[in-house]
Amino acid sequence: MSYEIVNPDALGPPRGWNNGMLAPEGGRVLFVAGQIGVAGEDEAGAGTTLARQFRAALANVVRVVEEAGGRIADVGRLTIYVTDMEAYRGSPAEVGAAYRAVFGKHFPAMALVAVTELVDPRAVVEVEATAVIPQAQPGGHSATRPHTAKEQP
């Protein structure tokens, strides 16, 4: 998806995000539920630090986007929830490296929100996203199939 980046001069230059991402017509909107970076026993890559959990949560967002037939560039918005804003502010290099390891230099519109806790008590960060997945081209196929309510966990 090729977004038109919208950064009004009056808001000043953004650092690590964009103020607006305008999607072209013809895409399908994907709402990605909040993803955490706490690994199950058989998963690798997550941990206890905010930066490690952030990287794993972003990777989970990408898994959902790719399952829908999209790619990182299709993500137009991220909302990041953290339980410790001081830990976030105190580790900009680690958080930035975690972000770039997954999203590279793609910077959608973002919001960062401090919360008192998340559903999983081990989680210190949760990320939700909105992506616009281009319509399948004629003769192409979709990477997804419709789900019925009975198929949902």
Side-chain angles (χ1 to χ4, degrees), residues 1-134 143-144 147 151-153:
M1 177 65 52
S2 179
Y3 288 96
E4 178 183 335
I5 295 172
V6 181
N7 284 317
D9 290 339
L11 297 179
R15 272 183 58 179
W17 73 88
N18 282 297
N19 290 297
M21 303 287 281
L22 184 60
E25 291 185 42
R28 300 174 298 141
V29 179
L30 172 66
F31 300 99
V32 180
Q35 301 296 312
I36 61 173
V38 176
E41 291 180 22
D42 61 341
E43 297 173 344
T48 57
T49 68
L50 189 141
R52 289 190 72 197
Q53 285 193 21
F54 184 46
R55 181 178 177 161
L58 288 170
N60 289 339
V61 166
V62 171
R63 285 184 182 104
V64 174
V65 171
E66 289 177 345
E67 181 71 19
R71 54 193 180 90
I72 291 170
D74 298 330
V75 175
R77 183 196 60 83
L78 292 174
T79 302
I80 304 156
Y81 302 94
V82 296
T83 59
D84 186 345
M85 187 61 80
E86 290 309 312
Y88 178 86
R89 289 182 183 133
S91 56
E94 296 87 354
V95 169
Y99 180 89
R100 287 185 305 278
V102 180
F103 268 67
K105 293 188 182 238
H106 177 64
F107 299 106
M110 292 187 216
L112 176 67
V113 181
V115 297
T116 57
E117 63 182 317
L118 297 166
V119 172
D120 186 319
R122 300 171 300 165
V124 297
V125 63
E126 183 170 321
V127 180
E128 66 178 19
T130 304
V132 179
I133 312 296
T144 63
H147 291 279
E151 294 177 313
Q152 299 299 321

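Side-chain atoms are counted along with the backbone in the values below, which use heavy atoms only and exclude waters and symmetry mates.
- Distance check: Ile5 CD1 to Leu22 CG gives 11.0 Å after rounding to the nearest 0.5 Å.
- Side-chain atoms of Thr83 and Leu118, non-hydrogen and from C-beta on, do get closer than 4.5 Å to each other.
- In terms of heavy atoms, Leu50 sits closest to Ala87 at CD1-CB, 4.3 Å.
- If you take CD1 on Ile133 and CD on Glu67, they are separated by 11.5 Å, rounding to the nearest 0.5 Å.
- Two residues are said to be in side-chain contact when any heavy atoms from C-beta on lie closer than 4.5 Å; Val65 and Ile72 fail this criterion.
- Side chains of Asn7 and Pro13 form no contact here, defined as non-hydrogen atoms less than 4.5 Å apart.
- When all heavy atoms of Arg28 and Ala68 are compared, the closest pair comes out as NH2-O, 3.3 Å.
- For Asn18 (side chain) and Phe107 (main-chain N/O), a donor-acceptor pair under 3.5 Å exists by modelled atom type.
- Considering only heavy atoms from C-beta on, Val62 stays 4.5 Å or farther from Val75 through its side chain.
- Panel note: side chain Arg100, backbone Gly96; a donor-acceptor pair is recorded below 3.5 Å.
- Of all non-hydrogen atoms in Val132 and Ala23, the two that sit nearest each other are CG2-CB, 3.8 Å.
- The number of heavy atoms from other shown groups lying within 6.0 Å of OH (Tyr88) does not exceed 12.
- Contact of the Val127 side chain with the Asn60 side chain is not registered, since no non-hydrogen atoms from C-beta on lie closer than 4.5 Å.
- Going from atom CZ of Arg77 over to atom OH of Tyr3 covers 10.5 Å, rounded to the nearest 0.5 Å.
- Closest approach of Val82 to Leu112, counting heavy atoms only: CG1-CD1, 3.9 Å.
- Judged by distance alone, with hydrogens and angles left aside, the side-chain atoms of Asn19 form no donor-acceptor pair with the main-chain N or O of Val6 at under 3.5 Å.
- With rounding to the nearest 0.5 Å, the separation of CE in Met110 from CZ in Phe103 is 7.5 Å.
- The two residues Val113 and Thr79 make their nearest non-hydrogen contact at CG2-CG2, 4.3 Å.
- Put simply, the side chain of Ile80 reaches to within 4.5 Å of the side chain of Phe54, judged on heavy atoms.
- Listed by chain and residue number, Ala51, Ser91 satisfy the side-chain contact (heavy atoms from CB on, under 4.5 Å) test with Glu94 (two or more places apart in sequence, or in another chain).
- Evaluated for a side chain to side chain donor-acceptor pair (under 3.5 Å) with Tyr81, the options Glu128, Glu126, Glu117 yield exactly one hit, Glu128.
- When all heavy atoms are compared, the tightest approach of Gln53 to Ala123 is OE1-CA, 3.3 Å.
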